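A short write-up of the structure that comes next.
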Amino acid sequence: MARKPDLRRFPGFLAVTLLCLFLLYAPLVIVAIYSFNDSPSITLWGGVSLRWYEDVFWGLEADKFKRAAINSLTIAAAAATTATVIATMAATAMLRAGQFRGRSFSFGLISLPLMVPEIVTAVATLIFFSAIGFQTGILSILIAHIVFCIPFAYLPIAARMEGIEDVYEQAAQDLYATKWQAFRLILLPLMTPGIVSGFLLAFIISLDDFIITNFVKGAGVETLPTAIFGAVKQGIKPNIMAISTLLLMVSITFVTLSYFAGRMGQNRKSNPTGET
Amino acid sequence: MAGLGPTGGRAARTYAGRGPLLILPAWVIIGIFLVLPILIMATYSFLTKEFRGGVIWEPTLAAYDQFFFDRGLFGDEQPKIEWTYILIFWRSIWQAGLATLLCLLIGFPTAWFIATRPAHSRTVWLFLITVPYWVNLLIRTISMKFLIRDNGPMNQWLLNAGLIDEPIHIINTNLAVQLGLFYSYLPFMVLPIYAAVERYNFALSEAAADLYASRWVTLTQVIIPVVKPGIIAGCILVFVPSLGAFLAPDLLGGAKNFMIGSLIEEQFKGAAGNWPFGAAAAMILLSMVLIVLIVYARNQDRESA
Amino acid sequence: MAEDQGDIAVDIDHVTKRYGDFTALADVSLAIRSNEFFTLLGPSGCGKTTLLRCIAGFEDITLGAIRLYGDNIVDLPPNKRPVNTVFQQYALFPHMDVTRNVMFGLLRLGQSEAAARKRAGEVLDLVQLTQFADRLPAQLSGGQQQRVALARALAPNPKVLLLDEPLSALDLKLRQAVRLELQQIQQETGITFIFVTHDQEEALTMSDRIAVISDGRLQQIGTARDIYEEPDNKFVADFIGETNLIDVTVAGIDNGQATCTLPGGNHFTCPAAQGAHSGRGHLSVRPERVSLSDPAQGLLTGTVSRLIYLGTDMHVDITLTDGEVVTARVQNSAGTRIPAMGETIGLNFEAGAARLLID
Amino acid sequence: MAEDQGDIAVDIDHVTKRYGDFTALADVSLAIRSNEFFTLLGPSGCGKTTLLRCIAGFEDITLGAIRLYGDNIVDLPPNKRPVNTVFQQYALFPHMDVTRNVMFGLLRLGQSEAAARKRAGEVLDLVQLTQFADRLPAQLSGGQQQRVALARALAPNPKVLLLDEPLSALDLKLRQAVRLELQQIQQETGITFIFVTHDQEEALTMSDRIAVISDGRLQQIGTARDIYEEPDNKFVADFIGETNLIDVTVAGIDNGQATCTLPGGNHFTCPAAQGAHSGRGHLSVRPERVSLSDPAQGLLTGTVSRLIYLGTDMHVDITLTDGEVVTARVQNSAGTRIPAMGETIGLNFEAGAARLLID
Amino acid sequence: EGKLSIYHWFEYIPQELLDKFAAEYDVEVTLDTYDSNEALLAALKAGKLGQYDVAVPGDYMVEILGNEGMLDTFTDDEMPNKGNILPQWADVSFDPGRKSSIPYQWGSTSFSVNRDVYSGNIQTTDIIFNPPEELKGKINVLDTAGETLTFASLHLGIPQCSTDREQLKALNDLVQNAKANWASFGSDVAKDVLVSGDAAAGMIWNGFGMKAREEGANIEYAYPDQGYIVWMDNVVLLKDAPNRDNALKFMNFLLEPENAAAVTNYARYTAGVAGVEPFLDEALKTAPELNPPAGGNPQFVQACPEEVQKVYDTIWTNLKK
Ligand SMILES: Nc1ncnc2c1ncn2[C@@H]1O[C@H](COP(=O)(O)OP(=O)(O)OP(=O)(O)O)[C@@H](O)[C@H]1O
Ligand SMILES: Nc1ncnc2c1ncn2[C@@H]1O[C@H](COP(=O)(O)OP(=O)(O)OP(=O)(O)O)[C@@H](O)[C@H]1O
Ligand SMILES: NCCCCN
Ligand SMILES: [Mg+2]
Ligand SMILES: [Mg+2]
């Protein structure tokens with residue numbers, strides 16, 4: 001029998017996808033391999049060892065990296081949480097409050113952090129902080145991160161909210177729920193997958209940021225990227241390879257977890273319109 | 001990309017009334033901590049430079065003058081058009097454009113391929129594409145540098161395998177910068193295209209085949225025009241950050257040729273220490289980006305009308 | 001309104017609703033009686049949903065008043081109106097099981113968990129869904145979902161139940177079954193039903209009274225029989241079922257009876273709709289009330305130009321001498337003589353079948 | 001197939017289509033004649049679209065053959081089959097205007113831009129869309145879009161045109177208008193139409209022949225009249241229009257005539273479907289072929305338990321003594337006596353009205 | 001008790017030493033790094049003054065910071081170990097009387113060449129500005145305008161901060177033309193490119209070059225005949241230092257010979273403190289990087305006046321366009 005004439009298949013697209021994955025992973029995989037190199041030289045292979053992982057956890061700079069990691073995680077958690085709350089509120093206004101004056105303008109404002117080149121944001125924020133005499137430190141990093149996390153949190157949340165018809169909230173109100181009850185009991189649970197992915201995106205963007213952080217951070221305050229940058233600009237060292245491999249593994253765990261969480265959410269959310 | 005344009009059609013009105021107030025926190029935060037700084041930056045671009053960094057509060061167009069007019073090495077010649085910065089901008093645009101094209105050439109088939117997997121495996125593919133992105137940009141860039149250097153693993157393996165006699169020289173070339181930009185921003189291309197393709201109505205492909213179109217005719221005449229909004233969104237999301245990028249040119253391109261990002265950075269961190277000029281360059285870059293975006297938004301409005 | 005206020009459940013009083021420049025409802029006045037099964041009928045986009053949403057409180061009205069048992073409710077938010085809605089797409093909460101969906105309104109009204117659960121059980125019994133109580137909406141068929149939506153809206157015992165095309169998603173056979181159920185529930189509970197549809201047959205079979213709407217304007221209110229047999233205007237006659245609209249010249253109208261000249265020159269007297277006038281006009285005659293006869297005995301004569309088989313019936317198209325086409329619907333049973341194509345034939349209207357319309 | 005091959009446009013030869021374990025089409029054989037208006041009719045999910053997609057080439061078949069004018073086409077890709085489709089959701093190219101949409105197939109066949117434009121103009125004329133030639137699909141109403149889809153599929157002059165529920169999105173009045181147009185176009189162009197619908201009335205009014213499908217199996221093929229009046233089995237009788245299925249005991253079948261005992265004990269002789277057998281069985285009688293009489297003269301007797309007004313007709317439900325309900329459809333015209341609720345009444349079947357079915 | 005906030009060159013102080021100080025004085029030490037004197041100045045200008053206690057500018061930058069009013073002064077009483085400073089560094093032109101600074105390390109800036117790639121004469125600045133065929137396209141130069149342009153001036157034999165138009169034009173042309181032969185600009189990567197082989201020759205600081213050699217690169221550090229740069233990095237007490245007391249303790253701590261030697265052992269430069277010899281690594285005594293031949297032409301980088309600096313900035317930007 002004839003093969004199914006699958007109009008979705010294009011010859012070569014699989015190959016490009018594999019090439020794409022290869023390009024994405026090759027550097028990281030090689031770094032991961034070399035992180036187990038026993039030799040301090042990055043060019044010579046000296047056998048397998050875990051010494052650089054030891055170095056990461058118990059070495060001289062372990063403390064600095066630990067502090068940087070704690071800072072990074074604290075800032076990312078706080079910035080992502082705040083940005084997610086702000087983005088959820090904003091999405092509710094943008095998508096659930098009808099037409100209002102300044103709606104298009106608001107959309108521009110929310111996407112602005114995404115559109116302004118990072119270096120511009122970094123410099124402008126630094127000048128601003130020094131102009132108003134704002135003491136840079138953890139707080140200044142946090143504020144800057146909240147700003148650029150907002151659009152990243154907003155996009156998936158808004159996309160999700162857009163996909164939920166407003167009839168559910170209307171049905172709730174029709175059944176005597178106040179606006180707040182309609183939000184809390186209906187909209188919020190239905191939006192959970194969007195909120196989770198918005199939060200994750202913001203969290204990871206914050207965790208990843210170097211340029212802006214480097215400009216607005218206070219003295220002695222390091223985040224993981226700035227600490228790594230300080231150590232790594234002069235050339236990649238085996239302990240940095242170990243750190244990056246650890247980061248990769250943490251990310252994979254994190255994303256895998258959220259993937260399964262998302263799947264569970266999907267199962268529960270079922271099919272909002274009841275269509276099949 | 002979902003949510004990238006103001007949502008079309010009728011806005012849901014569940015929280016009309018005082019609902020719009022919910023936008024206020026976003027306004028306040030972005031207004032104070034991004035719009036105000038950018039306004040200050042705009043102001044600085046019209047002030048006088050202080051020797052060794054900083055500004056003097058005397059209005060002047062010197063920064064813009066410096067940007068657009070060449071008065072010779074000693075600043076006393078007849079003004080000519082200054083090509084230095086235009087060249088830097090042009091190079092940035094060109095590099096960013098090329099990176100965008102590279103991302104598109106690889107990103108479109110990838111996005112298409114993923115979007116046409118069965119629903120349950122799509123997530124896994126997307127996840128595969130995005131995981132490297134969760135690893136620090138810096139590490140990614142440096143890993144790339146490590147991989148492609150003349151004595152790096154890639155060349156060593158190719159040499160050992162006898163595939164090449166001479167190391168392939170990539171590091172410190174434009175190609176390396178391309179690779180770096182591509183590597184930094186690929187997901188920004190894949191995700192919006194994926195979103196568009198995922199909503200693409202495959203009945204259109206069937207209709208085209210039914211009307212005697214081959215696969216490639218279908219691709220160019222039907223599919224690409226229909227998913228164009230996703231392609232454009234992806235291009236913008238790769239192009240804009242690439243324009244301002246400085247890690248890739250610095251680490252992979254050998255910092256030999258300024259791109260806009262490094263030019264601006266140099267004004268604030270480097271020897272030159274010319275803040276008004278850095279601010280002016282930033283404002284010019286920002287205006288360019290905004291113009292592109294406005295044109296794009298206009299177009300979208302027209303298309304959805 | 002001229003009617004007895006005590007009897008009126010919902011009083012739509014000169015309601016106008018505009019969206020920007022666009023007028024979705026133009027000065028609509030309607031009084032819906034308590035315990036009535038009232039239907040809003042009209043083509044797509046005529047404003048049916050808009051009117052329902054105004055009653056439920058999801059839209060503000062531009063002008064006019066809406067009274068519920070005498071109280072103006074236009075300023076009440078939806079959650080303060082003792083009115084429940086069965087939404088067109090059901091709008092079941094996808095993250096709650098059937099029982100939780102039904103309990104939702106009861107809990108918001110302050111009932112205890114136990115009381116709400118008990119009441120939900122009763123209502124689910126009524127719609128015969130007891131065995132599905134623990135399922136999520138996605139695990140139900142379309143028809144079952146529709147019944148959950150109904151149960152959810154019925155549970156709080158609203159004074160008025162609004163139903164927005166609740167049957168449109170169902171296929172023919174299922175639709176017929178659900179219709180019967182709805183009518184029974186309405187009779188059992190005594191709740192006033194306001195039902196929206198664009199399906200004429202649905203409206204005719206289910207309703208105590210029907211309001212026909214077109215372009216945001218009320219066209220006619222009446223029982224199914226009134227509207228079908230005594231349409232006021234061309235729109236109603238044409239929209240409800242099929243009709244022949246025959247060009248006539250009206251000599252005069254006397255005491256509700258019009259004297260007209262038919263194509264071919266025969267004279268004819270028939271009832272006129274209120275507001276009809278002399279001059280050129282249209283006579284509406286339903287195809288099933290056109291009878292066939294010998295050419296000589298016909299009020300009109302023509303030749304058979306098309307025969308369509310409809311199962312229960314035949315449609316016979318007769319082209320008159322002036323080119324107008326009149327359709328007769330002939331029941332497809334043993335005794336009926338089916339004419340042949342091209343045959344010349346006479347047409348008569350049964351008594352009271354023809355009616356002069358407002359143009 | 002026993003029929004004359006030269007006359008056969010599409011020959012579906014023992015086609016089976018499985019999706020994994022699920023059998024969407026089970027051993028379907030059909031021969032569609034050249035120039036025929038052929039309809040596939042069946043409930044949702046029965047496999048109609050699947051069959052159409054197999055013909056168009058979007059699905060491969062698991063077993064069997066599909067022949068187009070004698071050539072097996074199962075190995076041809078869709079763009080090589082001289083068959084065009086009007087898709088259920090139109091599938092108009094949203095970025096092309098109406099003319100471009102219609103020209104698409106012509107250009108692919110290698111016609112020059114000018115020739116394609118000319119032909120597009122002609123076809124748009126045919127579907128009366130000339131004035132909309134420059135619009136984008138989004139700027140058209142549903143009915144207009146449907147006609148563009150039709151024009152686009154007609155333009156390359158395919159040998160066979162496949163139409164997948166092309167009317168389902170239209171409202172009643174619009175649907176009726178488009179139906180007429182389709183029939184006219186089919187007659188003018190002489191193209192073989194294969195039409196899919198789940199709407200019985202649509203199938204009956206439009207088709208030369210109808211294939212009734214259920215659960216991927218062919219139930220019956222025949223003209224509208226065959227299928228309506230001589231259904232082979234319970235499914236067909238029940239699915240096409242309304243019918244009364246009356247439990248009977250069959251004493252024997254002789255020469256296609258069955259002798260049965262009715263509820264209440266009367267004996268009755270009627271035609272039997274091929275394959276019907278003695279023992280318990282079902283008699284199918286259409287409501288409009290049930291006539292009412294005095295209780296004494298009735299083949300069956302019962303009391304009137306419900307009256308439903310349908311505009312053209314009345315439905316009268318009569319509950320028999322054994323509790324079975326039989327429905328009679330009485331035309332709502334002057335001469336007819338409408339019984340009252342609760343009245344005891346006799347029922348008779350018109351000659352040839354009853355038929356013993358395969359269970 | 002309390003904190004100490006240091007702003008420092010990258011890879012220039014051993015973590016062990018910071019830990020030692022922290023333990024000895026019970027101070028929490030934080031360290032941020034920069035990669036050029038100019039970056040330090042810019043950061044302080046942009047609002048970081050007042051956040052750090054000490055920084056480590058090079059000679060000419062001490063003068064600039066002083067002129068900008070960014071330095072605090074201390075008295076001799078506040079710096080008990082001040083006497084340990086070697087006499088030649090005790091009174092310097094960029095900080096007469098050492099009122100704000102103490103010596104940290106000094107060294108030279110020149111270049112190293114990979115001897116596997118090029119075996120010819122390297123004692124000439126031609127290696128960078130007019131390279132032999134083998135080295136073309138394999139050269140890294142420092143990404144700091146000050147040192148690189150000064151080095152170019154040495155090559156041309158023109159004075160620093162020259163105001164002569166012809167000389168400045170020649171300087172401009174020189175670097176413009178030389179750039180075609182350069183692979184990259186980079187300061188912090190200067191060692192890495194030599195070790196990894198990305199560059200076969202590269203401008204580098206002497207100690208950094210020694211580290212590169214010790215990491216396995218077959219390179220030789222050059223003392224070109226045209227001259228080379230010398231510098232002295234100094235620990236300065238910053239104005240508005242949040243922890244002035246700890247800053248002074250730290251500076252005093254660095255004047256202990258043992259501690260100064262620890263820095264030298266780590267960074268491979270030379271200390272400005274007397275009595276470090278017993279603590280030094282053997283390798284340092286003979287390392288060619290630390291033992292320049294007599295009679296060379298070492299030069300300090302000068303801070304140029306504004307008008308001249310503007311031209312240098314233009315030349316630098318032109319170079320990188
Ligand atoms: N928010 C709005 N803004 C502008 N026009 C609107 C809006 N909502 C509805 N309309 C218009 O009002 C008219 C009435 O809409 P409504 O939804 O009441 O129609 P309907 O009678 O329910 O039709 P259907 O049978 O298709 O559901 C339509 O023409 C519609 O386009
Ligand atoms: N890709 C598929 N995989 C599995 N089952 C499928 C697939 N496509 C269709 N089916 C099943 O095949 C059966 C026939 O589907 P088909 O689309 O032909 O129905 P249909 O008769 O056209 O119904 P409708 O009137 O609803 O359009 C359905 O039960 C459907 O669920
Ligand atoms: N590694 C730091 C070098 C300092 C040169 N002044
Ligand atoms: Mg509606
Ligand atoms: Mg179908």
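Predicted model, so just to flag it, every value in this text is computed and none were measured. In what follows, every chain begins at residue 1, and chains take the letters A, B, ... in the order their sequences are listed.
- Both the backbone and the side chain of A:Q173 come within less than 4.5 Å of a heavy atom in chain C.
- Interface check for chain C: of the options A:A177, A:P189, A:A182, the most heavy-atom pairs under 4.5 Å are formed by A:A177.
- No cation-pi contact links A:K179 to A:F183, judged by a cut-off of 6.0 Å to the six-membered ring centre and 45° from its axis.
- Under a 3.5 Å cut-off, the side chain of C:E165 and the backbone N or O of C:V196 do not form any donor-acceptor pair.
- Checked options A:L73, A:I75, A:T81, A:T84; the residue passing with A:F203 is A:L73 (criterion: side-chain contact (heavy atoms from CB on, under 4.5 Å)).
- Note on A:R96 versus A:E169: salt bridge recorded, some NZ/NE/NH1/NH2 to OD/OE distance being below 4.0 Å.
- Of the atoms belonging to A:A172, heavy atoms from both backbone and side chain fall under 4.5 Å from chain C.
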